[in-house]
Amino acid sequence: MSTMSGSDPRPGELTVWYDGDCPICTAEIGLMRRLDSSSAIAFVDLSLAGGCPTDRAARLARLHAQPRGGAMVSGAAAFVAMWRVLPGLRPLAALASPPPVQWLLERAYLVFLKVRPSLQAIARWLIARQQAGRP
């Protein structure tokens with residue numbers, strides 16, 4: 001894969017499936033889109049019809065990514081896969097790649113998944129207040 005050699009990623013080098021109904025996920029993917037100046041990542045919103053090639057519920061439960069021609073990864077490994085193809089985040093991917101670090105990141109991701117519903121509710125409430133013009 002070309003990203004491992006340090007060269008610029010090719011367009012569509014990585015596919016990422018995300019929950020477009022989740023305000024936290026949407027914000028994170030929005031940041032990744034802004035950083036993806038070479039369109040190396042194909043982002044697939046699972047909230048849209050036809051966005052899921054496999055078990056939709058499983059894909060919605062965790063972030064999933066798949067390098068072109070590679071194996072599917074999820075959770076913290078999916079974040080590292082995204083960072084790896086984004087030139088500005090490659091140093092972060094290098095720091096996060098050793099197995100002990102990935103193990104720690106996965107544990108942190110599992111904690112996030114437990115509190116995600118509460119965080120989503122707070123984010124939705126804040127968005128609704130903002131849209132209603134309330135501080």
Side-chain angles (χ1 to χ4, degrees):
M1 193 157 106
S2 66
T3 55
M4 300 305 288
S5 66
S7 64
D8 286 335
R10 298 175 305 218
E13 188 163 326
L14 180 73
T15 301
V16 172
W17 291 267
Y18 71 98
D19 181 356
D21 288 333
C22 168
I24 299 163
C25 304
T26 301
E28 176 72 22
I29 294 303
L31 173 62
M32 295 299 122
R33 283 182 195 274
R34 289 188 297 279
L35 295 172
D36 188 17
S37 59
S38 64
S39 300
I41 303 173
F43 294 99
V44 179
D45 181 348
L46 292 169
S47 69
L48 303 175
C52 190
T54 60
D55 182 6
R56 186 173 187 274
R59 294 276 173 111
L60 285 169
R62 298 170 56 88
L63 183 72
H64 286 78
Q66 185 172 18
R68 183 177 29 225
M72 179 78 61
V73 294
S74 69
F79 281 97
V80 174
M82 275 196 298
W83 302 339
R84 192 172 287 126
V85 299
L86 298 173
L89 295 180
R90 284 187 192 140
L92 183 58
L95 291 172
S97 291
V101 177
Q102 284 217 8
W103 184 87
L104 288 171
L105 289 173
E106 181 62 23
R107 295 309 162 274
Y109 186 73
L110 292 173
V111 170
F112 164 75
L113 290 178
K114 287 181 182 179
V115 299
R116 179 180 171 208
S118 297
L119 293 174
Q120 288 174 321
I122 292 167
R124 287 186 179 108
W125 179 78
L126 289 170
I127 290 167
R129 283 182 54 93
Q130 182 181 28
Q131 289 173 345
R134 292 185 233 145

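Position 1 is the first residue of the sequence; numbering continues from there.
Between atom CG of residue Leu104 and atom CZ of residue Arg107 there is a gap of 8.5 Å, rounded to the nearest 0.5 Å. Atom CG of Leu46 is separated from atom CG of Asp21 by 9.5 Å, given to the nearest 0.5 angstrom. Atom CG of Leu31 is separated from atom CZ of Arg33 by 12.0 Å, given to the nearest 0.5 angstrom. The line from CD1 of Ile29 to CZ of Arg34 is 11.0 Å long, rounded to the nearest 0.5 Å. Distance check: Leu63 CG to Trp17 CH2 gives 10.5 Å after rounding to the nearest 0.5 Å. We find the CZ-CG distance between Arg116 and Leu110 to be 13.0 Å, quoted to the nearest 0.5 Å.
Connection of Leu95 to Leu105 is not established within any shared hydrophobic cluster, with ILVMFWY side chains joined at heavy-atom distances below 4.5 Å, either directly or through further cluster members. Tracing side-chain contacts under 4.5 Å through hydrophobic residues (I, L, V, M, F, W, Y), one never reaches Ile122 starting from Ile24; they form parts of separate clusters. In the hydrophobic clustering of this structure, Phe43 groups with Trp83; members are Ile, Leu, Val, Met, Phe, Trp, Tyr whose side-chain heavy atoms approach within less than 4.5 Å, directly or through other members. When the side chains of ILVMFWY residues are joined at heavy-atom separations under 4.5 Å, either directly or via intervening members, Tyr109 and Val101 end up in a single hydrophobic cluster. Note: the hydrophobic cluster containing Val80 also contains Leu113 (ILVMFWY, side chain heavy atoms under 4.5 Å, direct or indirect links).
Asp36 is listed as a side-chain neighbour of Leu86, based on a closest heavy-atom distance under 4.5 Å. Side chains of Tyr18 and Val44 form no contact here, defined as non-hydrogen atoms less than 4.5 Å apart. Side-chain contact between Met82 and Leu89 is absent, with no heavy atoms from C-beta onward closer than 4.5 Å.
Here the shortest heavy-atom pairing between Ala77 and Gln102 reads CB-OE1, 3.9 Å. Nearest heavy-atom pair across Ala76 and Glu106 is N-OE1, 3.0 Å. Scanning all heavy atoms of the two residues, the minimum distance from Arg124 to Cys22 falls at NH2-CA, 4.0 Å. Scanning both residues, Thr26 and Gly20, for their nearest heavy atoms gives OG1-O, 3.2 Å.
Between the Ser47 side chain and the Asp19 main chain, no donor and acceptor come within less than 3.5 Å of each other. Side chain of Gln66 to main chain of Gly70: a donor-acceptor pair is present (N/O by atom type, distance under 3.5 Å, no hydrogens or angles). Between the side chain of Arg68 and the main chain of Leu14, no donor-acceptor pair closer than 3.5 Å is present.
Looking at residues two or more places apart in sequence or on another chain, you find no salt bridge (charged side-chain N to carboxylate O under 4.0 Å, His left out) involving Glu28.
With respect to the salt-bridge test (charged N to carboxylate O, under 4.0 angstrom), the residues Arg84 and Glu13 do not qualify.
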